[in-house]
Every structure is written in structure tokens, then in C-alpha cells.
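This report refers to the structure that appears directly beneath it.
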Number of protein chains: 4
Amino acid sequence: MKATDSVRLKTAKPFPRGRKPKAHRREQILAAAFEEFAANGYAATRLEDVAKRAGIAKGTIYLYFQDKERLFRAVVRSLIQKRLDAFAGTFHGPAPALFREMLSRMYTRVVRNERARGIVRLLVAESGKFPQLSDIYHQEIIGPGLKAVRQVLKRGIASGEFRKSKALEFPQILVAPGVLAIVWTLISGGRHRLDLDAYMKAHLDFVLGSLQKKRI
Amino acid sequence: MKATDSVRLKTAKPFPRGRKPKAHRREQILAAAFEEFAANGYAATRLEDVAKRAGIAKGTIYLYFQDKERLFRAVVRSLIQKRLDAFAGTFHGPAPALFREMLSRMYTRVVRNERARGIVRLLVAESGKFPQLSDIYHQEIIGPGLKAVRQVLKRGIASGEFRKSKALEFPQILVAPGVLAIVWTLISGGRHRLDLDAYMKAHLDFVLGSLQKKRI
Amino acid sequence: MKATDSVRLKTAKPFPRGRKPKAHRREQILAAAFEEFAANGYAATRLEDVAKRAGIAKGTIYLYFQDKERLFRAVVRSLIQKRLDAFAGTFHGPAPALFREMLSRMYTRVVRNERARGIVRLLVAESGKFPQLSDIYHQEIIGPGLKAVRQVLKRGIASGEFRKSKALEFPQILVAPGVLAIVWTLISGGRHRLDLDAYMKAHLDFVLGSLQKKRI
Amino acid sequence: MKATDSVRLKTAKPFPRGRKPKAHRREQILAAAFEEFAANGYAATRLEDVAKRAGIAKGTIYLYFQDKERLFRAVVRSLIQKRLDAFAGTFHGPAPALFREMLSRMYTRVVRNERARGIVRLLVAESGKFPQLSDIYHQEIIGPGLKAVRQVLKRGIASGEFRKSKALEFPQILVAPGVLAIVWTLISGGRHRLDLDAYMKAHLDFVLGSLQKKRI
DNA sequence: CATGAATGAGTGTTCATTCAT
DNA sequence: GATGAATGAACACTCATTCAT
């Protein structure tokens with residue numbers, strides 16, 4: 001069972017009319033809306049489809065959100081609730097292993113995560129119309145993420161495991177193959193699928209190959 | 001003899017007509033359409049705006065394209081007319097220099113090129129609705145591009161300048177920072193701008209750092 | 001000598017494409033327009049199709065007719081140019097034979113004539129929007145036609161060949177089967193075709209059976 | 001617009017929303033659509049006018065019908081719900097009286113019935129674009145109707161009241177004056193009105209005059 | 001609270017009409 | 001005269017939003 005998108009579970013509540021508790025209804029709508037927005041983009045998403053997916057009536061959405069745009073903003077906000085855990089600080093071990101662990105998490109949580117890819121699609125597709133979208137993500141996700149990468153890098157340099165690298169200035173470079181994999185997956189739609197296991201290995205190999213001091 | 005409801009005729013008012021050469025009109029529309037589609041996405045683009053941008057009337061579009069979707073497809077097709085020039089084959093020099101040149105072109109032609117970024121935005125945003133979109137790009141651009149990268153890599157390995165690398169299997173990894181830069185630029189909209197000169201240097205530095213055999 | 005080509009005096013005919021004389025062009029358009037109007041009705045007829053059928057450009061129509069409605073009216077007017085020849089007055093023979101001849105002409109010229117059926121279709125379809133359409137036809141065709149029928153009937157009664165009949169008041173009744181045949185043909189579109197020869201015979205038989213005094 | 005029959009809908013009430021029982025709404029639209037289609041033909045009918053006549057908003061139509069064409073087809077189908085009752089089988093009396101009764105019904109139900117005349121107008125005007133239209137009517141109305149006429153004729157012949165007639169083969173001929181009256185009424189639009197009472201008498205008189213064996 | 005029928009502004013598309021060539 | 005590209009009003013159809021139930 002995937003934790004990623006629990007929305008598809010058509011929870012078989014035996015309630016004939018018994019509605020879910022109100023707090024849940026809002027989440028229900030947000031989840032459905034996210035899937036629709038991520039799949040079709042803002043403009044092409046019809047609230048009717050969101051309602052259908054959420055298993056409610058069209059008008060019900062308006063009991064929880066003023067209009068389509070507010071719903072979209074709420075979706076965006078709802079997506080960043082799960083913060084990155086302070087990573088580097090809690091891990092004690094060799095920097096390469098740390099980096100490996102970090103990448104592994106990135107692939108599991110982001111690259112392989114349909115929900116996360118949907119967010120990236122929305123970011124790319126809708127940041128023109130909704131600039132705050134990217135602002136939020138820069139502040140909440142991208143910034144902290146890159147900071148964590150840089151910390152690992154720093155630690156590796158400090159410990160002598162890594163050589164100095166311009167990547168300190170642009171930690172994006174270290175994770176870029178992951179981003180490419182996301183974009184690739186988004187675009188290909190399954191027709192030119194990457195072997196993500198091998199790809200991640202190559203990614204790690206390549207990055208460590210550049211960071212680590214070479215044998216004699 | 002009078003018709004009962006001849007009322008519907010609201011004679012159009014005069015406006016300069018047929019001033020542009022006909023052959024140019026189609027390109028004009030394609031260019032305007034590309035800008036609108038790239039900026040707003042397929043669904044959110046109004047043909048009226050395309051027409052306005054092209055400096056023509058809404059109906060004129062339909063003289064050149066059957067409908068909105070065909071216009072979109074035509075735009076997509078028009079974007080790939082400039083083929084990648086056969087690159088590696090014509091260049092004779094050290095592999096690192098070749099790679100540097102290749103990257104430099106990628107940044108100039110793609111990353112720094114608003115048109116190219118627009119294409120990427122369209123690919124990400126619309127490949128759900130228009131799968132052929134990505135198929136075309138895989139075949140025409142991405143495939144040949146990666147092939148070129150792999151050739152350079154191969155040549156470097158053959159000449160002993162590069163060590164063997166898993167990147168041979170996934171040449172994407174070598175250019176991934178460029179892709180990230182594109183996505184970054186698309187998302188940021190100018191608010192978190194990358195210093196592309198420094199970034200490209202870091203990219204090159206990093207990649208060569210991984211590919212090249214190290215001095216003692 | 002034809003009146004048409006005696007007028008050429010000034011114009012040295014520099015026509016590169018050698019167009020037909022102008023008078024013909026108008027007829028050409030009218031003919032094409034009639035076919036389209038009769039087939040599709042006024043509203044559903046596109047001037048582009050009329051032009052195509054006439055083998056000319058769309059704009060050319062406007063050199064001969066102010067607008068679609070005037071074209072339609074001109075078509076209507078053009079259709080009644082061939083007057084009914086004064087029929088009963090010129091024929092001298094037994095009334096039944098006269099009636100037979102009259103019906104025969106009706107079937108040949110009207111019922112079997114696609115053009116005439118097209119006119120009927122237009123009358124039925126467009127007389128709501130163009131009331132004058134039927135006025136013209138009442139005056140030019142239907143009225144004279146019925147008058148002729150009544151004359152034959154009168155003559156037959158006067159000569160003792162026919163008995164007195166209420167059909168004198170409503171001569172329509174005598175030709176009604178012909179009208180039905182027209183409507184039937186218009187509606188059926190070839191799928192429930194009437195055997196018009198047999199049908200006309202039955203029509204004549206029936207009408208004469210009612211008009212003629214019976215044997216003992 | 002036709003002032004003739006818009007009278008039926010007196011729903012001038014500007015009620016905001018959802019006031020009518022849902023089941024009724026569909027009939028309401030069908031009725032309004034029929035009147036518009038019958039008056040203007042398919043192409044010239046605007047759905048906005050249908051909506052206005054039905055006292056609803058344009059979009060509401062689309063809650064009940066997929067598009068204009070489906071609405072049209074539904075209208076056509078709705079028009080044939082009232083079948084001809086099995087006529088001849090239930091009537092026991094002299095054939096002439098039976099025929100008189102039959103004609104009387106025809107005039108009351110069809111010739112004098114604006115709705116029925118509207119159907120005929122649609123048949124004539126739209127059977128080119130909608131061939132099924134006439135197929136349906138042939139099967140449901142015209143065929144059974146003619147069969148009934150033929151039955152009466154047969155019975156009269158069997159009882160010796162009628163003489164043998166070619167009309168057995170073409171029962172259309174017996175009712176043709178009724179069809180002519182419909183077409184006449186459709187075309188005239190009230191300007192050359194037939195005296196239908198007298199006309200029907202003449203029709204009956206004429207037909208019986210042909211069918212019945214004559215005195216001595 | 002929830003519903004979903006109803007609304008009507010908005011957009012894609014057509015086509016009568018114009019006019020530079 | 002003849003052309004047909006260009007125009008823009010008009011109309012079919014969609015969908016965010018409302019509100020009586």
C-alpha cells in the first residue's frame with residue numbers, strides 16, 4: 001500500500017448517509033483537488049471532477065473554499081505541511097554514507113513519489129500565474145533542502161572525506177540528476193521509463209566520484 | 001420582399017486588411033501562439049489573445065489552423081525545426097574541451113533561451129494531455145542530444161582522458177544541472193535568479209571532476 | 001444576331017482568363033445558389049459553397065448581389081420566369097383528354113422535376129422567414145395554375161362531360177395527389193420511392209372517376 | 001418570431017431558480033424547442049431563443065441534452081409518442097361513414113393542428129440533413145396511416161359499397177387533399193387561408209364520388 | 001451541512017461581408 | 001472585374017458559482 005496518495009482508497013464506510021466529520025471533509029477535497037490540479041493544471045481542472053473524485057457534490061466545495069483559486073492556494077499550502085526533518089544534524093557517520101542516505105531519501109520521497117512529482121509539475125506549470133507558489137516552495141522546501149545538502153557537503157570537507165568543490169556554492173548540482181529524473185518521468189508518462197535503481201546508483205557514483213579525493 | 005428577421009447583420013467596420021505577406025502570416029500566428037501557450041499553458045490560453053499578440057483578428061487564426069489543438073500541435077512541431085547540428089563528429093580536440101564547448105552551447109541555446117525554457121514548460125505542463133508532445137521531443141531533441149553527450153564521453157574514455165563511468169549508461173546525469181537550471185528559472189520567475197555564469201562553471205567543474213582521472 | 005455580343009465595342013477584352021460574359025455570371029450564381037438553398041435551406045447555406053458550386057470566388061457574389069438575403073430573393077424571382085403557357089385556351093378536344101394532358105404536364109414539369117421540388121421545399125421551409133416568397137408563388141404560379149385547372153373543369157361541365165362538382169370551388173383537390181407526390185419525394189429522399197407512372201395513372205383514374213358521369 | 005403560438009407559455013414569472021419539478025423541465029425544453037425548430041428550421045434556431053421561450057437559461061438546456069442536434073432528435077422522437085389508434089378495426093358501420101369519420105379526424109388532428117403542421121414543415125425542411133427523421137415518420141405515422149386508409153377502402157369494396165379502385169394501390173391519393181391543405185397552410189401563413197370546413201366537405205365529396213358506385 | 005439544478009459570463013468556432021491586390 | 005485573406009459579430013457549448021431545497 002502506498003502512503004503517497006491515500007486518496008484513491010475508496011474508504012468503504014458503511015455509513016448510508018453518515019457524513020465524515022467535517023475536518024476530514026476539507027482534507028478530502030484538498031486531496032482530490034491536488035490530484036486533479038497536478039494531472040491537468042489549474043485552468044483545465046474542473047471543480048466538478050474534483051467533487052466527483054472527493055465523492056461529494058459540486059456545491060459542497062464552496063462550503064469549504066471561497067472559489068477555485070482559493071482552493072488551489074489551499075492545496076498548495078497543504079502540500080508543504082510535512083517538513084523536511086532536520087537531517088544532517090541527527091546522522092553521525094561517514095559523509096559519503098550520509099550523502100548516500102540523503103539521496104536515497106530524495107529518490108524515495110520525491111522522485112518516486114507521484115505526489116511530489118505532481119507538485120513539481122504544478123510548480124513548473126502554474127508558477128507563471130501563481131508566483132507565490134514558487135515563493136512558498138523556495139522558502140519551505142527548496143531552501144531547507146539545499147541547505148541540508150550543503151551541510152553534508154561541508155561536513156565531508158571538514159572531515160577530509162570530500163575535496164573542496166564549487167558545488168558548495170551550488171548544491172543544486174549534486175541533486176540535479178534527481179530533478180532531471182522527476183522531469184523525465186513527468187514528461188515521459190511511462191513511455192521512456194528510467195531504471196531508477198540503476199539511475200540512482202549512477203547518480204550517487206557520479207557525485208561521489210566528483211566529490212571524493214581520488215586514490216593516489 | 002422582406003425577410004422577417006434580417007436583424008442579425010451587423011456590418012463589420014473597416015480595418016486595414018491584407019497588409020502582411022501571406023506566407024508570413026502563419027509564422028506570425030505560430031510565434032504568438034507559442035508565447036501564449038508557453039506563458040499560460042494550453043487550457044488557459046485564449047485564441048483571442050493569440051490573435052491580439054499576432055496583431056490579427058480572432059477568425060484569421062482559423063484560416064491557417066483548423067482549431068486550437070491543431071494550432072498547438074503546429075506550434076510544437078514548429079519548435080523542433082532547428083535540429084541539433086552533428087556536434088561531436090565535427091570537433092577535433094581534447095574531450096574536456098569538447099565537453100566544455102558542448103555545455104556552453106547548451107547553456108546559451110537552451111538554459112538562457114527563453115524560447116527553449118518555454119518549450120520545457122510546455123513539455124512538463126502539457127505532456128499529460130498531449131503525449132505525442134514528449135514523444136516528438138524524445139525523438140527529435142532529447143534522444144539525439146543524449147547521444148551526442150554519450151559520444152563525447154566515449155571519445156574521452158577511448159582517448160584515456162576520462163575514466164569509465166556509469167554515466168555512459170545515463171548521460172542525462174552529465175547535463176542534469178542544466179535541466180535543473182531551466183526548471184529553477186521557470187519556477188523562480190526572476191525572484192531567486194541563479195548566477196548562470198558561475199553556475200555553469202561549477203557544473204563543468206563538477207562534471208569534469210568526476211569524469212577525469214585524478215592527478216596522483 | 002444575338003443581343004449579347006453586339007455591345008463589345010469599347011472593351012478590348014484584356015481578360016487573361018477569358019471570363020464568361022457578365023450576364024452569364026449572374027445566372028451562374030443564381031443557379032448555384034438555388035441548388036444550395038434548395039438542398040440546405042436559407043440559413044444552412046454558406047455562400048462559400050454557392051461560390052464553389054458556381055466555380056467562382058466568394059467575393060464575386062457580392063459584385064452581383066448586395067448580400068445573402070438579396071441573393072436569395074433573386075433566386076426566388078429567377079425561378080418564376082418561365083410562365084405557365086396559356087393552356088386550356090389553346091387546346092381543343094374532349095375535357096378528359098385535356099385533363100389527362102394537363103396532369104401529364106404537371107408530373108413531367110413539376111413532380112418529376114428536381115428543380116421544381118426544390119422550389120416547393122423552399123416554399124415550405126422558408127415561407128416563415130420570407131413571407132413574400134409564397135406571395136409571389138401564389139400570384140405567379142399557384143393562382144394561374146389553379147385557374148387553368150378550373151377552366152378545364154368548367155369546360156368539361158359545360159360540355160356535359162363532367163358532372164358538377166365541389167371541386168370547382170377547390171380545384172386544388174384535383175391536383176392534390178401531385179402535391180402529395182412532391183412532398184413524398186422530398187421527404188423520402190429515395191428510400192420509399194413512389195412508382196410515379198402507376199401513381200399518376202391512379203391519380204388520373206381516380207379524378208376522372210369522380211368527375212365523369214358514370215355509365216348507367 | 002411567430003406570434004401565433006407563443007401564447008401557450010404564460011410562465012412570465014421571473015423566478016430565480018429551481019422552481020419547477022425536475023421531470024417537467026425536459027418537456028418544457030422539448031416543447032419550446034419544437035416550436036422554434038418548426039418555425040425557423042434547425043439551422044436558424046438559436047438555443048438562446050429556445051431557452052428564452054422555455055423560460056430558462058441557455059446553459060440549462062445542456063443539463064438535459066448533449067447538444068443542439070440531440071435536442072433536435074429528441075424533439076422529433078417526442079412528436080410521435082401519440083400513436084394512431086387502431087381505427088378501422090373498432091368501427092362498425094357503412095364504409096362511407098367510416099371514411100368520413102377518418103377524414104374528419106385527419107383534419108382535426110393533423111391539418112388543423114399547428115403542431116402537426118410544424119412536424120410536416122420539419123419533415124420537408126430537414127429530411128435532407130436528418131434522413132432518420134423521415135424514416136421514423138414513415139414507420140410510425142405514414143405507414144400505419146395509409147394502412148388504415150387502405151383497410152377502410154378494402155372493407156368498402158368487400159361490402160359492395162365502393163367500386164374497385166387503383167387507389168387501393170395508392171391510398172395516398174385519398175388523403176392527398178389533406179396533405180395539400182397542410183402545405184397550403186404552411187406556405188400561406190394566413191394570407192390565403194383555405195375555408196377548411198368547406199374544403200374538407202369538397203374533399204370528402206370528391207373522394208366518395210370517385211369511390212362509390214354511381215346511381216344507375 | 002449537503003445537494004445539484006440552474007445560471008450566465010466566457011471561449012472556441014463559423015461565416016457573411018469587406019477590400020487591398 | 002475577380003479574388004480570397006481578413007474581419008468580427010454571432011452562436012454553440014462549458015463551467016465556476018449560486019441558492020432553493
Side-chain angles (χ1 to χ4, degrees), chain A residues 17 19-20 22 25 43-51 56-69 71, chain B residues 7-22 25 43-51 55-69 71, chain C residues 11 13-17 19-22 25 43-51 56-69 71, chain D residues 15-22 25 43-51 55-69 71:
Chain A
R17 300 240 85 218
R19 299 265 149 53
K20 319 284 173 70
K22 184 198 152 157
R25 181 57 52 99
T45 290
R46 293 178 304 162
L47 292 192
E48 175 118 39
D49 289 341
V50 172
I56 59 174
K58 199 169 24 162
T60 305
I61 294 175
Y62 287 85
L63 296 174
Y64 296 88
F65 304 95
Q66 272 193 22
D67 55 27
K68 190 182 181 183
E69 191 169 326
L71 170 59
Chain B
V7 211
R8 292 184 200 161
L9 312 174
K10 299 237 173 130
T11 38
K13 61 177 178 181
F15 193 80
R17 230 163 284 241
R19 57 245 121 115
K20 306 270 175 135
K22 186 204 155 181
R25 188 52 51 99
T45 291
R46 291 177 303 163
L47 291 192
E48 177 122 39
D49 289 342
V50 172
I56 60 175
K58 198 166 34 156
T60 304
I61 294 174
Y62 288 87
L63 296 177
Y64 296 89
F65 304 95
Q66 275 195 16
D67 54 27
K68 189 182 180 182
E69 191 167 326
L71 171 59
Chain C
T11 47
K13 306 209 72 173
F15 295 115
R17 307 239 79 216
R19 297 263 150 54
K20 315 284 174 67
K22 184 198 151 158
R25 182 58 50 98
T45 290
R46 294 178 303 162
L47 291 193
E48 175 117 40
D49 290 341
V50 172
I56 59 174
K58 200 168 24 160
T60 304
I61 293 175
Y62 286 85
L63 295 175
Y64 296 89
F65 305 95
Q66 272 194 20
D67 54 27
K68 188 183 181 182
E69 191 170 324
L71 170 60
Chain D
F15 280 102
R17 237 161 282 248
R19 61 247 117 115
K20 305 268 173 127
K22 187 205 154 178
R25 187 54 50 100
T45 290
R46 292 175 302 166
L47 291 193
E48 177 122 38
D49 289 342
V50 172
I56 59 175
K58 197 171 30 161
T60 304
I61 294 173
Y62 289 88
L63 296 176
Y64 296 89
F65 304 95
Q66 275 194 16
D67 53 27
K68 190 183 179 181
E69 191 168 325
L71 171 60

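The chains referred to below are lettered A, B, ... by the order of the sequence lines, with proteins before strands, and numbering in each begins at 1.
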| K68(A) and L47(A): which non-hydrogen atoms are nearest, and at how many Å? | CG-CD2, 3.9 Å
| query | Looking at residues at least two apart in the chain, or sitting in another chain, which of them share a salt bridge (charged side-chain N to carboxylate O under 4.0 Å, His left out) with K58(B)? | reply | E48(B)
| query | OP1 or OP2 of dA6(E) less than 4.0 angstrom from a side-chain nitrogen or oxygen of R25(D), does that happen here? | reply | yes
| said: What contact category does I56(C) fall into here, base, sugar-phosphate, or nothing, at under 4.0 angstrom with non-hydrogen atoms? | reply: sugar-phosphate
| message | Checking contacts here: which listed nucleotide (dT7(F), dT3(F), dA5(E)) is nearest the side-chain heavy atoms of L63(B)? | response | dT7(F)
| request: Begin from the C-alpha positions of R25(A) and T60(A) and carry the test side chain to side chain contact (heavy atoms under 4.5 Å, CB included) through to its verdict. | output: CA-CA 9 Å; R25(A) 181 57 52 99; T60(A) 305; 4.1 Å; yes
| task | Search all heavy atoms of A43(D) against all heavy atoms of A44(C) and return the closest pair with its distance. | result | CB-CB, 3.7 Å
| said: Can you measure F65(D) atom CZ to dA12(F) atom P for me and round it to whole angstrom units? | reply: 15 Å
Which protein N or O atoms sit under 3.5 Å from an N or O of nucleotides 12-15 of chain E?
residue, atom, partner, partner atom, Å
dG12(E), OP1, T45(B), O, 3.2
dG12(E), OP1, K68(B), NZ, 3.0
dG12(E), OP2, L47(B), N, 3.1
dT13(E), OP2, Y62(B), OH, 2.6
dT13(E), OP2, K68(B), N, 2.8
dT13(E), O5', Y62(B), OH, 3.2
dT13(E), O4, K58(B), NZ, 2.9
dC15(E), OP2, R46(C), NH1, 3.1

| task | Give the stems involving DNA chain E, where a stem is 3 or more consecutive Watson-Crick or G-U wobble pairs (i with j, i+1 with j-1, and so on) under 3.5 Å. | result | E:2-21 with F:2-21
| message | Please enumerate all residues that pass side-chain contact (heavy atoms from CB on, under 4.5 Å) together with F65(C), with sequence neighbours excluded. | response | R26(C), I29(C), L30(C), I61(C), L71(C), A74(C)
